[in-house]
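Inspection log for the structure reproduced underneath, given as structure tokens.
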Amino acid sequence: GDLLWEKDLTAEGNQTALDVIEVEDGGYLMVGFTDDTASGEDDILLTRLDDNGDITWTKTFGQANSDDRGKAVVEIADGFVLTGFTENPEGSDNDIITIKVDKQGELLWERTISGPEAEEAMSITATSDDGVAIAGFQGNSNDILITKYHINGDSLWTSLRDNIGLGDQASQIREMEDGSFLVTGFTEMSVFNSDAFVARVDAEGREEWFSTPGPDATSDQAVSVEPT
């Protein structure tokens, strides 16, 4: 197709966008991170654009003297929810951070998942009950993590899949019509080989099936999945 517009969103420091969505009432919402902070550490960057790509508003979120990055964002009935990671203030590991804002980007609530090891969110999907579900990983050996939040920020459940010492990572999650979820990413079959996986969990996070459709002799990863 023909190029309609292209924008260079120049600002102080370095900015990186990691996800962008089209907004129902027009325009786009972009999430990522910026190092334009007093400490030089990264802050989550959330930018709303109009239909022409011009900036409507920009918001930043983050702790002082820590790296914070937004990885994915989704629109829900009364605002937007983004997820990513924040550096744990008591150590060098990352925690999952999830932030809900209203249509003008004002903070409504913020939640973190913090354990003894690293956690990071990679994907978020809106759910039919106006909540969100998040997929990523937890632990230095990377166990698959899926968690669901109510629209008011209450944690409804968290599901972990431990591959007994080997690494796994979820890269995307999508809700099915019946309220269950499809998840994809990669799972390590050995220290030398990883396979793409597709899994289905029910509406409460219980695994229904887990499939590795890739060839055994090669390493592969899946980054996206969509229900059909």
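- The backbone N or O of Leu49 sits nowhere less than 3.5 Å from a side-chain atom of Trp57 that would complete a donor-acceptor pair.
- Between Leu18 and Gly70, the closest heavy-atom pair is CD1-O, 3.3 Å.
- Asp68 and Ser66 share a donor-acceptor pair across their side chains, judged by distance under 3.5 Å alone.
- A donor-acceptor pair under 3.5 Å is absent between the side-chain atoms of Thr147 and the main chain of Ile134, judged by distance alone.
- Nearest heavy-atom pair across Glu106 and Lys59 is OE2-NZ, 2.7 Å.
- Of the charged side-chain nitrogens involved, at least one lies within less than 4.0 Å of a carboxylate oxygen, so that Asp25 and Arg48 count as a salt-bridged pair.
- Hydrophobic clustering (side-chain heavy atoms under 4.5 Å, transitive across Ile, Leu, Val, Met, Phe, Trp, Tyr) groups Met30 together with Leu4.
- Counting heavy atoms from C-beta on, the side chains of Ile96 and Thr112 never come closer than 4.5 Å.
- Here the side chain of Asp50 pairs a donor or acceptor atom with the backbone of Asn52 at under 3.5 angstrom.
- Contact detail for Thr127 and Glu175: the closest heavy-atom pair is CA-OE1, 3.2 Å.
- Salt-bridge check for Asp54 with Lys7: passed, with a basic side-chain N closer than 4.0 Å to an acidic carboxylate O.
- Using a 4.0 Å cut-off between charged nitrogen and carboxylate oxygen, Arg111 and Asp95 do not count as a salt-bridge pair.
- Side-chain contact of Asp43 with Thr34: a donor-acceptor pair under 3.5 Å is absent, judged by distance alone.
- Of the possible polar contacts, none joining the Asp67 side chain to the Glu41 backbone as a donor-acceptor pair under 3.5 Å is found.
- Linking ILVMFWY residues whenever their side-chain heavy atoms come closer than 4.5 Å, directly or via other members, leaves Phe85 and Ile113 in distinct clusters.
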Derivation and outcome, side-chain contact (heavy atoms from CB on, under 4.5 Å), residues Glu75 and Lys103: CA-CA 9 Å; Glu75 184 176 12; Lys103 297 291 187 177; 2.6 Å; yes
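- Here the side chains of Lys71 and Asp19 are not in contact, with every heavy-atom distance at 4.5 Å or above.
- Although no hydrogens or angles enter the test, the distance criterion places no donor-acceptor pair under 3.5 Å between the side chain of Thr58 and the main chain of Thr47.
- In this structure, Phe210 has its ring center closer than 6.0 angstrom to the ring center of Phe197.
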Step-by-step salt bridge (Lys or Arg N to Asp or Glu O under 4.0 Å) determination, Lys148 to Glu204: CA-CA 9 Å; Lys148 184 176 178 182; Glu204 301 300 321; over 6 Å; no
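- Under a cut-off of 6.0 angstrom, the local environment of CD in Glu177 is sparse, with at most 12 non-hydrogen atoms contributed by other residues, nucleotides or ligands.
- No side-chain heavy atom of Asp168 sits under 4.5 Å from any side-chain heavy atom of Phe186.
- The same ILVMFWY cluster, assembled from side-chain heavy atoms under 4.5 Å apart, contains both Phe80 and Ile99.
- The two residues Asn152 and Trp109 have their closest heavy-atom pair at C-NE1, 3.4 Å.
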Worked check of side-chain contact (heavy atoms from CB on, under 4.5 Å) between Val74 and Val132: CA-CA 8 Å; Val74 70; Val132 293; 3.9 Å; yes
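- A 4.5 Å side-chain heavy-atom check between Val20 and Tyr28 finds at least one atom pair inside the cut-off.
- Judged by distance alone, with hydrogens and angles left aside, the side-chain atoms of Gln15 form no donor-acceptor pair with the main-chain N or O of Phe33 at under 3.5 Å.
- The hydrophobic cluster containing Tyr149 also contains Ile124, counting ILVMFWY residues as joined when their side-chain heavy atoms lie under 4.5 angstrom apart, directly or transitively.
- Judged by distance alone, the side chain of Ser159 and the main-chain N or O of Gly205 form a donor-acceptor pair under 3.5 Å.
- Scanning for side-chain contact (heavy atoms from CB on, under 4.5 Å) contacts around Ile151 gives Ile76, Asp78, Lys100, Asp130, with sequence neighbours left out.
- Contact detail for Gln138 and Leu160: the closest heavy-atom pair is OE1-CD1, 3.1 Å.
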Derivation of the side-chain contact (heavy atoms from CB on, under 4.5 Å) call for Ile44 and Leu82: CA-CA 10 Å; Ile44 294 168; Leu82 66 91; 4.0 Å; yes
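- In this structure, Ala72 and Ser123 approach most closely via the heavy-atom pair CB-CA, 4.1 Å.
- In this structure, the side chains of Arg174 and Phe181 stay at 4.5 Å or more apart for every pair of heavy atoms.
- The shortest side-chain heavy-atom distance between Ile97 and Glu110 falls under the 4.5 Å cut-off.
- Under the side chain to side chain contact (heavy atoms under 4.5 Å, CB included) rule, Phe61 has a single partner from Val101, Val31, Leu45, Thr86, which is Val101.
- Checking side-chain atoms of Trp157 against main-chain N and O of Ala203 turns up a donor-acceptor pair under 3.5 Å.
- Between Met122 and Gln172, the closest side-chain pair of non-hydrogen atoms is not below 4.5 Å.
- Counting only distance, with no hydrogens or angles, the side chain of Gln63 and the backbone of Glu87 share a donor-acceptor pair below 3.5 Å.
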Step-by-step side-chain hydrogen bond (donor to acceptor under 3.5 Å, both in side chains) determination, Asn14 to Asp35: CA-CA 6 Å; Asn14 299 304; Asp35 66 2; 3.0 Å; yes
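- Under the 4.5 Å side-chain criterion, counting only non-hydrogen atoms from C-beta, Ile146 is in contact with Ile173.
- For the pair Ser171 (side chain) and Thr184 (backbone), a donor-acceptor distance under 3.5 Å is present.
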CA sep, side-chain torsions, deciding dist, call: Val183, Val198, side-chain contact (heavy atoms from CB on, under 4.5 Å): CA-CA 6 Å; Val183 185; Val198 181; over 6 Å; no
